[in-house]
Q: 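Here you go, one structure.
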Amino acid sequence: MKKEPRKLDRDRLRGILEDNGGSPEDLERFNEYMSRRGFLRRTGVIAALAGMGAGAEVTLQRLFGQGLIPVGWAAEAETKAIASKPDMIIHNDRPVNGEFSPHLLDDNITPSPRHFVRNNGLTPQRAKNKDPQGWELAIDGEINTPLKLTLDDLKKMPAITKSLLIECGGNGRGNFVPKVRGNPWDRGAVACSEWTGVPLKEILNRAGLKSSAIYTAHYGEDPPIGAAPPFSRGIPIDKAMEEHTLVAYKMNGKDLEALNGYPVRLVVPGWIGSCSQKWLNRIWIRDQVHDSNKMTGYSYRVPAYPVVPGSRPPKTDMVIATSWVIKSLITRPAANTRIDIGKTFKVRGHAWAGENQVDSVYISTDYGLNWTKAVLTQPRNQYAWYTFETELAFKGKGYYEIWARAVDNQGVTQPARQPWNPKGYLGNVIHRVPVLVGV
Ligand SMILES: Nc1nc2c(c(=O)[nH]1)N[C@H]1C(S)=C(S)[C@@H](COP(=O)(O)O)O[C@H]1N2
Ligand SMILES: [Mo]
């Protein structure tokens, strides 16, 4: 028997949009599109769906979830936010994921427009509107006094300002062989901005941790896409109580960027970026290791032992990825720079070491046969990146690669080949910058 086709009208489409995290702004844009003649014909998919009856709604929901419909308008939904990052290399626009070329990350303090973006869901409307009204941070779970803090409450607490590095756990994924799935980050999903906020430990002390407290679970305001559960990760209480773990409300002296977590985010330096919850509105203190979907299975986890490249160990052999490892990034010269024979030029960059210290950085121009030590400048505070610099000149013409290799205070250095894991986390293979001399 044929089902009675339900009309796919404007109201139902709007409902679906709202259910999928559409903002008032999106709705406005949607109305605009809908009122233009020929819209249904232009977005041929909708026209086809309109004839499908009841099933159409489900199909549409799925397509909305994947950011596929309505094509033109879906792509526009995050555009205004992306415009705040003019030089960003965009991997995706729904959710927004983008990084910067190494030569744009030369500053000791990364300017906000050059802080990479890694979103799992959509940018909250509050962030786009920069509207703190109604925002609250709830602290609950294994504590004596549940708290609800407004932005004003937070700003009345003692704050600190630190330069703190945030790096996506998948930064460098693009260099994994064999290829792994996920955003193909090259090297630019890292930034070291100046963050102002209240140490999380001050808030947890005010709430009073129970002896049963062992782990945090973070939640944010970003609407998940489609049927995805909310993005949520956590850290052990020891890391939460470290003085550099901040509940931050200023980035480089200003309100946070919409895409980087306005009005408030966690900054958990030294650890993979996913710990640094953006658009933070709840911290649940747990009596067990947080067990959201992003804490289990293959998400943000690495094999407990080296595995055959391309193979997947059982989930039970995966462990949570925590701190970053020794790394460096060459910011000068830019890749493919042409250099005159005999001309002295600067090689510059940054180095960092997760929770360790950087001991030294070495430079090679002959594929790692010979290494010379660069001059290393200490960071202003722990968890900011170090800066290295040296001068070079090439005697003859040709193609050269400048390599940088950092060593940490445990004697650990960067590999020449990338060790492999199934999701491409913690990539720290030596950075190689090609230059052309005298050609
Ligand atoms: N609420 C929320 N917080 C989040 C994310 C997210 O999708 N939603 N992404 C995480 C990941 S995976 C990273 S690497 C960092 C990126 O921070 P940035 O976008 O400010 O550079 O934010 C983390 N915090
Ligand atoms: Mo990330």
Side-chain angles (χ1 to χ4, degrees), residues 21 78 81-82 84-85 88-100 105 110-127 135 137 164-174 182-185 187-195 197 216-225 228-235 245-252 255-284 290 292-295 299-302 320-324 423-427:
E78 300 277 56
I82 293 174
S84 63
K85 310 266 185 187
M88 194 159 73
I89 301 162
I90 313 278
H91 292 299
N92 287 302
D93 65 359
R94 188 186 160 94
V96 181
N97 287 296
E99 65 178 300
F100 294 85
L105 296 174
T110 309
S112 304
R114 290 192 182 161
H115 198 289
F116 75 99
V117 178
R118 197 306 184 223
N119 287 359
N120 288 266
L122 298 172
T123 310
Q125 198 54 40
R126 177 197 307 292
W135 176 86
L137 171 60
L164 300 171
L165 186 138
I166 297 177
E167 179 173 22
C168 182
N171 194 28
R173 180 180 290 129
N183 287 309
W185 302 113
R187 295 178 181 270
V190 59
C192 185
S193 291
E194 192 178 78
W195 299 94
T216 62
H218 317 144
Y219 293 87
E221 296 192 290
D222 42 334
I225 292 178
F231 179 85
S232 175
R233 301 203 69 247
I235 52 176
T245 297
L246 294 188
V247 175
Y249 53 79
K250 275 194 191 303
M251 176 181 193
N252 296 325
D255 288 346
L256 304 196
E257 291 275 305
L259 290 168
N260 300 114
Y262 178 93
V264 171
R265 76 174 301 165
L266 277 174
V267 180
V268 182
W271 283 34
I272 58 170
S274 51
C275 302
S276 295
Q277 189 86 22
K278 301 192 279 187
W279 311 293
L280 181 72
N281 64 359
R282 180 186 176 208
I283 301 176
W284 173 27
H290 187 36
S292 69
N293 70 317
K294 296 291 186 189
M295 296 296 300
S299 282
Y300 301 107
R301 303 213 304 165
V302 289
I320 297 170
T322 57
S323 67
W324 258 103
K423 297 273 277 182
Y425 294 128
L426 301 174

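First listed ligand is number 1; within each ligand, the first listed atom is number 1.
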Q: Check whether any N or O atom of Tyr300, backbone or side chain, sits under 3.5 Å from an N or O atom of ligand 1, and answer yes or no.
A: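 For ligand 1, there is no N or O atom that lies under 3.5 Å from one belonging to Tyr300.
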Q: Run the side chain to side chain contact (heavy atoms under 4.5 Å, CB included) check on Trp195 and Leu256 step by step: do they pass?
A: CA-CA 9 Å; Trp195 299 94; Leu256 304 196; 3.7 Å; yes
Q: Holding to salt bridge (Lys or Arg N to Asp or Glu O under 4.0 Å), I want the full list of residues that pass it with Arg301, two or more places apart in sequence or in another chain.
A: none
Q: Hey, is the main chain of Ser299 close enough, under 3.5 Å, to the side chain of Lys423 for a donor-acceptor pair?
A: no
Q: Output the list of atoms in ligand 1 that are nearer than 4.0 Å to some heavy atom of Ser276, sorted by atom number.
A: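 Numbered from 1, ligand 1 contributes 22 (O), 23 (C), 24 (N).
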Q: Report the nearest protein non-hydrogen atom to atom 22 (O) of ligand 1: residue, atom name, distance rounded to 0.1 Å.
A: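 Nearest neighbour among protein heavy atoms for atom 22 (O) of ligand 1, to 0.1 Å: Arg265 NH2, 3.5 Å.
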Q: Counting C-beta onward and ignoring hydrogens, is there a side-chain heavy-atom pair between Ile89 and Phe100 closer than 4.5 Å?
A: no
Q: Evaluate Gly220 for polar contact with ligand 1, using N/O atom pairs at a separation under 3.5 Å.
A: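 In this structure, Gly220 places no N or O atom under 3.5 Å from an N or O of ligand 1.
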Q: Which heavy atom of Thr110 sits nearest to which heavy atom of His115, and what is that distance?
A: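 That closest heavy-atom pairing would be CG2-N, 4.2 Å.
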Q: Would you check if the side chain of Arg173 reaches a backbone N or O of Gly427 as a donor-acceptor pair within less than 3.5 Å?
A: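 Side chain of Arg173 to backbone of Gly427: no pair is present.
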Q: Given Asn183 and Asn92, is the side chain to side chain donor-acceptor pair (under 3.5 Å) satisfied, shown in steps?
A: CA-CA 8 Å; Asn183 287 309; Asn92 287 302; 2.7 Å; yes
Q: Of all the atoms in ligand 1, which lie at a distance below 4.0 Å from a heavy atom belonging to Asn120?
A: 5 (C), 6 (C), 7 (O), 9 (N)
Q: What are the atoms of ligand 1, with element, lying closer than 4.0 Å to any heavy atom of Cys168?
A: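 Reading through ligand 1 atom by atom, the close ones are 14 (S).
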Q: Work out whether the distance between some heavy atom of Tyr219 and some atom of ligand 1 is less than 4.0 Å.
A: no
Q: Tell me the protein heavy atom at minimum distance from atom 5 (C) of ligand 1, and give that distance in Å.
A: Phe231 CE2, 3.5 Å
Q: Spell out, as yes or no, whether a donor-acceptor pair under 3.5 Å connects the side chain of His290 to the backbone of Thr216.
A: no
Q: If you have a sec, work out which protein heavy atom is nearest atom 19 (O) of ligand 1 and how many Å separate them, to one decimal?
A: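 The closest heavy atom on the protein side is Lys278 NZ, 2.5 Å.
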Q: How far is atom 15 (C) of ligand 1 from the closest protein heavy atom, and which atom is that?
A: Gly273 O, 3.4 Å
Q: Among all protein heavy atoms, pick the one closest to atom 11 (C) of ligand 1 and tell me residue, atom and distance.
A: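 Ranking protein heavy atoms by distance from atom 11 (C) of ligand 1, first comes Ser274 CA, 3.6 Å.
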Q: Please list, chain by chain and in numerical order, all residues satisfying side chain to side chain donor-acceptor pair (under 3.5 Å) with Ser112, sequence neighbours excluded.
A: Asn252
Q: Is a donor on one side and an acceptor on the other found under 3.5 Å between the side chain of Trp135 and the backbone of Leu280?
A: yes
Q: On the 0 to 90° scale, with breaks at 30° and 60°, tag the Tyr300-Tyr425 ring pair as parallel, tilted or perpendicular.
A: parallel
Q: How far is atom 9 (N) of ligand 1 from its nearest protein heavy atom, and which residue and atom is that?
A: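 Looking only at protein heavy atoms, the one closest to atom 9 (N) of ligand 1 is Arg118 O, 3.1 Å.
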Q: Just jot down the ligand 1 atoms closer than 4.0 angstrom to any heavy atom of Asn260, in number order.
A: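 In order of numbering, the contacting atoms are 18 (P), 19 (O), 20 (O), 21 (O).
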Q: List the closest protein heavy-atom neighbour of atom 21 (O) of ligand 1: residue, atom name, distance to the nearest 0.1 Å.
A: Phe116 O, 2.6 Å
Q: Does the residue His218 have a heavy-atom contact with ligand 1, meaning some pair of atoms that are separated by less than 4.0 Å?
A: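 Heavy atoms of His218 never come under 4.0 Å of ligand 1.
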Q: Side chain or backbone of Glu167 under 4.0 Å from ligand 1, or both, or neither, by non-hydrogen atoms?
A: neither
Q: Need the ligand 1 atom indices (1-based, order shown) with element for anything under 4.0 Å from a heavy-atom of Asn119.
A: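 In order of number, 7 (O).
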Q: Of all the atoms in ligand 1, which lie at a distance below 4.0 Å from a heavy atom belonging to Asp222?
A: 1 (N), 2 (C), 6 (C), 7 (O), 8 (N)
